[in-house]
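Letters go in sequence order (proteins before strands), and every chain restarts at 1. Values reported hereafter were calculated over all heavy atoms of this structure, with side chains retained and with hydrogens, waters and symmetry mates removed.
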Number of protein chains: 2
Amino acid sequence: MQNLEKILAHNHIKPTAMRLLVLQFLLNKKVAISLTDVENYFDQSDRTTLYRTLNTFVAKGISHKIDDGTGITKYALCEENCHCEINTDLHLHFHCTNCNETVCITDYKIPQIHLPKGYIAENVNLVVKGICDKCNCK
Amino acid sequence: MQNLEKILAHNHIKPTAMRLLVLQFLLNKKVAISLTDVENYFDQSDRTTLYRTLNTFVAKGISHKIDDGTGITKYALCEENCHCEINTDLHLHFHCTNCNETVCITDYKIPQIHLPKGYIAENVNLVVKGICDKCNCK
DNA sequence: TGCCTTATGCAACGGAAGTGCATTATTTGC
DNA sequence: GCAAATAATGCACTTCCGTTGCATAAGGCA
Ligand SMILES: [Mn+2]
Ligand SMILES: [Mn+2]
Ligand SMILES: [Zn+2]
Ligand SMILES: [Zn+2]
């Protein structure tokens, strides 16, 4: 897929084989994925390379880290034109305690929070835990 | 302080020496504390005992765990009449990236969140990172 | 006092993030 | 095209924190 290479090139990431594969994997998944998820999927590859690949994607701005409270860092591709900015791009994350999956609820942008005097907000993390729509319908 | 023993007794926690000391420590601190914080303060005591003490306090409902995104679990005493319920007791937590302290902003209760169809919320975690009032005034 | 429940102390484990460094691949200058 | 420089990869190892198992000590109750 030339599309993949374009995405990487556009974000100044050199398109190595592994990076293309990981990007493809992220694109296909509709849920947030962990390093272990990637590691299990590409079981011939090295964990450190995958670790650094995911972090490169975050550093270059094509994906964002998600702390869903499980203690396992998750990753998901950013939306088009996302800059991970506090007032425009940050969104709710939902973690299902049944299927253990975490999803971006990008439609739910985090509202501005009015802190007490003197506090300055630089980042916000909003995570809801519960039952996801799939698990709920069963 | 008989007060300490009353708090424990009222919550069905046997008032051992260590528990009284830890409770005192929590009461004095205005910020959320980690297991390591307690461990450093009582440096003659055992880490596991402190760990279980903190978790007993949570289980019995006198304090709550805080996941501030640093990867280090914090603890803070609950307010009066708190039952850690999603719609009435959950509040904002603020983590200062300068002094590395985490505080409960109990005045800021987490508003009800309207999820997409099918999702059921059981718990919410809202953490703001930035500069706290103390660090900001310097 | 003696029994039973609970708390404590010590040791060890496990998962996950992160780092150092040698090796391999790729780009760049000539 | 070739050599040097730069970047990516693979392997080993570390660190940090949370957690558990188990033996011992302490405390409550009959
Ligand atoms: Mn997201
Ligand atoms: Mn709190
Ligand atoms: Zn689910
Ligand atoms: Zn501060």
Sequence neighbours excluded, which residues qualify as side-chain hydrogen bond (donor to acceptor under 3.5 Å, both in side chains) partners of [X]?
X       : answer
T70(B)  : D68(B)
N136(A) : none
K14(A)  : none
D37(A)  : S34(A)

Problem - For Y51(A), all residues meeting ring-ring contact (aromatic ring centres under 6.0 Å, His included), sequence neighbours excluded - result: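 Residues passing ring-ring contact (aromatic ring centres under 6.0 Å, His included) with Y51(A): none at all.
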Handout entry: Point-to-point distance, once rounded to the nearest 0.5 Å, from CD1 of I7(B) to CG of L27(B)
Key =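 Between I7(B) CD1 and L27(B) CG, I get 5.0 Å after rounding to 0.5 Å.
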Are there any protein N/O atoms within less than 3.5 Å of an N/O atom in nucleotides 20-22 of chain D, and if so, which ones and at what distance?
| unit_1 | atom_1 | unit_2 | atom_2 | d |
| --- | --- | --- | --- | --- |
| dG21(D) | O6 | R52(B) | NH2 | 3.4 |

Practice task
Mind checking side-chain contact (heavy atoms from CB on, under 4.5 Å) for I86(A) and listing every partner two or more places apart, or none if nothing turns up?
Solution key: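 Result, side-chain contact (heavy atoms from CB on, under 4.5 Å) vs I86(A): L90(A), A121(A), V124(A).
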Handout entry: ring-ring contact (aromatic ring centres under 6.0 Å, His included): pairs with one or both residues in residues 103-126 of chain A, sequence neighbours excluded
Key =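 Checked against ring-ring contact (aromatic ring centres under 6.0 Å, His included) - neighbours excluded - the pairs reaching residues 103-126 of chain A are Y119(A)-F94(B).
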Handout entry: Pairs involving residues 4-28 of chain A, ordered by first then second residue, that meet ring-ring contact (aromatic ring centres under 6.0 Å, His included) (sequence neighbours left out)
Key =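 The answer is F25(A)-Y41(A), F25(A)-F42(A).
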Main-chain N/O of [Y] paired to [X] side chain as donor or acceptor, under 3.5 Å:
X       : Y       : answer
D133(B) : P116(A) : no
N11(A)  : I13(A)  : no
H64(A)  : A76(A)  : yes

Handout entry: Along DNA chain C, first and last positions that approach a heavy atom of chain B under 4.0 Å
Key =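 Nucleotide range with atoms under 4.0 Å of chain B: dT6(C) to dA11(C).
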Exercise for the section: Compare side-chain N and O positions of T16(A) against OP1 and OP2 of dA8(D) and report whether any pair is under 4.0 Å apart. Expected result: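 The answer is no; no side-chain N or O of T16(A) sits under 4.0 Å from OP1 or OP2.
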Handout entry: Side-chain N,O (R47(B)) to OP1/OP2 (dC17(D)) below 4.0 Å
Key =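 For dC17(D), neither OP1 nor OP2 has a side-chain N or O of R47(B) closer than 4.0 Å.
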Exercise for the section: Strictly below 4.0 Å, heavy-atom distances to any atom of DNA chain D: list the hits from residues 53-74 of chain B, or just say none. Expected result: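 Of all residues in residues 53-74 of chain B, the ones placing a heavy atom under 4.0 Å from DNA chain D are I72(B), T73(B).
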Handout entry: Sequence-aligned protein contact record of nucleotides 24-30 of chain D, with B where the base is within under 4.0 Å of a protein heavy atom and S where only the sugar-phosphate is
Key = -------
